[in-house]
Amino acid sequence: MTYRPFRSLGRFLLAACAVSLGAASLGAQTPASTAPPAGTNPSRVDVFLGYSYFGAHGRVMPFGIPYSSINYGAIGSGAYYVNKYFGGEIIYSNHPDGVNDGMSGISGGLIGRLPMDNFTMFAHGLVGAARLGGPNSEVPATLEHEPYRWGPSLTAGGGMDYAIPFFDNRFSLRLFEADFRYIHEDYGPAQSIPTGGVLGGRANLDGIELSTGIVAHFGHIIPPPPVTYACTVAPESGYPGDPITVTGTAMNLNPKKTPTYTWTSTGGTISGTSSTANVDTKGAAPGTYTVTGHVTEGAKPGQSADCTGQFTIKPFEPPTMSSCTANPSTVDSGGSSTITATASSPQNRPLTYSYSATAGSVSGTTSTATLTAPTVAAGSNSSVTVTCNVVDDLGKSDSKMATVTVNGPPIPPPPPAPVASSLCSVSFERDAKRPTRVDNEAKACLDDVALALQRSSDAKLALVGNEDAKEKAADAKMAKLKHPKPGAAELRAVNTKDYLVTEKGIDASRIMLYTGPDDAKTVTTSLIPAGAANPAASDTAVDEAAVKAVPRTAPVKKAVARKKK
């Protein structure tokens with residue numbers, strides 16, 4: 001019997017221990033990778049390729065011919081994990097270079113693992129088929145051996161992997177994999193052959209399969225974090241026509257892929273194919289609008305994201321009239337004043353000016369205008385209100401008012417009060433026999449007086465009769481009689497009036513008669529306009545009912561001598 005399987009197994013275990021110690025030393029001396037530990041997010045798929053040693057223990061019965069170990073072989077496996085701990089596995093191993101024997105097999109089954117930061121322990125159980133040949137290891141190689149046949153195979157075992165701290169933990173070193181394999185083969189009826197050997201029989205083979213190599217990891221149990229997208233709108237508000245910029249910030253993108261950006265907006269016109277877009281708000285109505293951005297790097301879940309942002313379009317503000325002033329603020333009747341309007345538009349819209357006034361007229365279509373004041377009566381004043389109006393190109397307006405005081409001309413001085421005027425004086429000196437008669441010479445004076453009365457239809461005439469001292473003395477004596485006669489002054493006034501009334505047609509009510517204090521045989525005349533003071537008011541009024549006028553043409557009375565008794 002040979003001990004080669006056990007010697008080979010010892011060499012493999014010694015090599016596995018050395019590899020394990022080297023891996024532990026590498027993990028202790030090598031700086032940590034920038035990638036997270038392999039255990040935090042284990043792979044989805046593991047592919048293992050490596051060296052395999054098969055140590056057989058069994059015989060072909062009924063002849064009792066033993067199998068020997070096969071030192072050289074290759075193994076490959078693929079494991080798919082449904083979660084962090086469990087999955088399914090397929091293994092194929094091939095050991096073709098034994099001594100008159102060989103084995104290859106394929107199996108599938110379940111695998112479980114325990115991932116840690118840098119090491120992963122695993123165990124599996126598989127069912128499959130093995131292709132076994134030999135053994136005839138105790139006879140010369142020239143003798144016949146059993147041909148290769150397929151038979152059922154059971155495998156159970158486990159191992160340990162060490163995560164290589166490079167390449168983002170994409171590779172691990174399989175420190176060891178130790179599997180127990182059971183194989184059953186039926187070679188047919190047992191028989192001797194002419195060459196001196198035997199063929200046929202059945203084999204129930206127990207074997208130890210030891211492997212080491214490199215494991216490649218693909219995918220992750222925990223998927224990469226989903227793409228996120230955030231939008232920033234600047235400015236967040238504006239007026240129609242103002243530019244709006246939207247900036248998107250995407251997180252968790254795969255740097256190896258080129259993302260695609262698209263944009264939509266509920267208002268304005270948005271354009272942009274990158275992480276930045278521009279919104280043209282010209283013509284946008286006032287309101288709040290939403291911008292939506294979309295970024296994608298693939299069709300799988302988590303490879304795209306949306307973001308939203310809002311901006312507000314405000315209505316244009318109306319213009320503001322800050323002042324409406326008049327210079328000067330006080331003018332004369334019919335004068336002018338300069339009106340100045342000060343206005344502005346918060347958004348610099350075009351402005352148009354207009355003016356109105358409560359009186360007078362105002363002209364101008366710019367920020368200045370001219371008020372022409374109305375005519376105001378003398379001695380009075382009035383107030384004119386001027387309204388300054390401003391309107392922008394959108395029809396929004398504002399207004400203010402200014403007040404201008406208009407002064408009328410000064411009141412002219414009143415006309416001088418009417419004054420009585422002295423006209424001509426009528427003399428009664430010429431007719432000694434008739435000293436109270438209006439003679440022809442007096443007519444010229446009285447004709448002028450009558451003409452003056454006719455010209456001033458509202459004027460009156462004061463006639464003041466006078467007498468000399470002798471006449472006054474005679475009248476004084478006459479006054480003492482039982483039946484006194486009128487005095488010369490009274491008769492002269494009455495006769496003068498009679499001439500004007502009867503011969504000149506003057507209204508008698510317009511003539512007033514007085515007797516005056518002058519020492520003269522005269523009648524003075526005074527024309528008294530309406531409203532004028534009567535200069536003869538202080539004289540003695542004549543009782544016209546007691547004095548009868550003597551016609552101007554009356555004959556002269558002869559003197560009758562009184563008889564003495």
### Query
Would a distance-only check, ignoring hydrogens and angles, find a side-chain to backbone donor-acceptor pair under 3.5 Å from W263 to V279?
no
## Note on the structure
Residues pairing under salt bridge (charged side-chain N to carboxylate O under 4.0 Å, His left out) where one sits in residues 345-361, two or more places apart or in two chains, turn out to be R349-D393
#### Entry: Distance-only polar pair, side chains of D179 and H124, donor-acceptor under 3.5 Å
yes
#### Entry: Distance, nearest 0.5 Å, that separates NZ of K282 from CD1 of I313
14.0 Å
### Query
Do the side chains of V291 and Q310 get nearer than 4.5 Å, heavy atoms only?
no
### Query
Any donor-acceptor pair under 3.5 Å linking the side chain of T405 with the backbone of S383?
no
### Message
Is a donor from one side chain sitting under 3.5 angstrom from an acceptor on the other, for T342 and S323?
### Response
yes
### Task
Tell me, yes or no, whether the heavy-atom count around F180 atom CZ, taken from other residues, nucleotides or ligands under 6.0 Å, exceeds 12.
yes
### Query
Which heavy atom of V331 sits nearest a heavy atom of S336, and at what distance?
CG1-O, 3.4 Å
### Query
Taking T358 for the side chain and T385 for the main chain, is one N or O donor matched with an acceptor at less than 3.5 Å?
yes
### Query
To the nearest 0.5 Å, what is the distance between OG1 (T273) and OH (Y261)?
10.5 Å
### Set of residues satisfying side-chain hydrogen bond (donor to acceptor under 3.5 Å, both in side chains) with respect to E317, sequence neighbours excluded
Y239
### Reported CG-to-CZ distance for the pair L114 and F119, which is rounded to 0.5 angstrom
13.0 Å
### Query
Does a side-chain heavy-atom distance below 4.5 Å link S77 with I90?
no
### Message
Filter on salt bridge (charged side-chain N to carboxylate O under 4.0 Å, His left out), then keep only pairs touching residues 228-250, sequence neighbours left out; what's left?
### Response
none
#### Entry: Donor-acceptor pair between S43 and D46 side chains, under 3.5 angstrom
yes
#### Entry: Modelled atom types, side-chain donor and acceptor of T288 and T312, under 3.5 Å
yes
### Query
Got E177 and F122 here, is their nearest side-chain heavy-atom distance under 4.5 Å?
yes
### Message
Is the shortest side-chain heavy-atom distance between L110 and F86 below 4.5 Å?
### Response
no
### Task
Return yes if some donor-acceptor pair links the side-chain N/O of T281 with the main-chain N/O of G241 below 3.5 Å, else return no.
yes
Return a table of donor-acceptor pairs under 3.5 angstrom between the side chains of residues 198-208 and protein atoms on other chains or two or more places apart.
{"unit_1": "N204", "atom_1": "OD1", "unit_2": "Y182", "atom_2": "OH", "d": "2.9"}
{"unit_1": "N204", "atom_1": "OD1", "unit_2": "H184", "atom_2": "ND1", "d": "2.5"}

### Query
At what distance, to the nearest 0.5 angstrom, does OH of Y92 lie from CD1 of I106?
8.0 Å
### Task
Kindly indicate whether the side chain of V406, heavy atoms from C-beta on, has any atom under 4.5 Å from the side chain of S382.
yes
### Query
With distance as the sole test, does T296 use its side chain to make a donor-acceptor pair with the main-chain N or O of G298 at under 3.5 Å?
yes
### Task
Kindly write out the residues that satisfy side-chain hydrogen bond (donor to acceptor under 3.5 Å, both in side chains) with Y81, not counting sequence neighbours, or none if the list is empty.
none
### Task
Could you tell me which residues satisfy side-chain hydrogen bond (donor to acceptor under 3.5 Å, both in side chains) with D161, sequence neighbours excluded, listed by chain and number?
R174
### Message
For the backbone of P226 and the side chain of N252, can you confirm whether one donor and one acceptor N or O come within less than 3.5 Å of each other?
### Response
yes
#### Entry: Qualifying disulfide (SG to SG under 2.5 Å) pairs, either residue in residues 204-271, two or more places apart
C231-C307
### Query
To the nearest 0.5 Å, how far apart are OG1 in T212 and CD1 in I75?
10.5 Å
### Message
Between H220 (side chain only) and N41 (backbone N and O only), is there a donor and an acceptor less than 3.5 Å apart?
### Response
yes
#### Entry: 4.5 Å side-chain heavy-atom contact, L351 and V391
no
### Query
Can you tell me how far OG1 of T276 sits from CG of N278, rounded to the nearest 0.5 angstrom?
7.5 Å
### Query
According to the ring pair (Phe, Tyr, Trp, His ring centres under 6.0 Å) rule, which pairs have a member within residues 345-368, sequence neighbours left out?
none
### Task
With the side chain counted from C-beta on, respond yes when I183 and Y67 share a heavy-atom pair under 4.5 Å apart, and no when they do not.
no
### Message
Is it true that E297 and S304 share a donor-acceptor pair across their side chains at a distance under 3.5 Å?
### Response
no
### Task
Would you check, one step at a time, whether the test side-chain hydrogen bond (donor to acceptor under 3.5 Å, both in side chains) holds for H95 with S52?
CA-CA 8 Å; H95 306 82; S52 180; 2.9 Å; yes
#### Entry: Sequence-distant partners of R113, side-chain hydrogen bond (donor to acceptor under 3.5 Å, both in side chains), two or more places apart
none
### Query
Hey, does the side chain of S265 reach the backbone of G267 with a donor-acceptor pair shorter than 3.5 angstrom?
yes
### Query
Got a sec: does the CZ of R44 have more than 12 other heavy atoms crowding it under 6.0 Å?
yes
### Query
Of all residues at least two apart in sequence or in a different chain, which pass the salt bridge (charged side-chain N to carboxylate O under 4.0 Å, His left out) check with E185?
none
### Message
Less than 4.5 Å apart, side chain to side chain, heavy atoms only: is that true for Q303 and P224?
### Response
no
### Task
Would you mind listing every salt bridge (charged side-chain N to carboxylate O under 4.0 Å, His left out) that reaches into residues 395-404, with sequence neighbours excluded?
none
### Test item: S337 side-chain N/O and P328 main-chain N/O as donor-acceptor pair under 3.5 Å
yes
### Query
If you look only at pairs with a residue in residues 244-264, which of them pass as a salt bridge (charged side-chain N to carboxylate O under 4.0 Å, His left out), with sequence neighbours excluded?
none
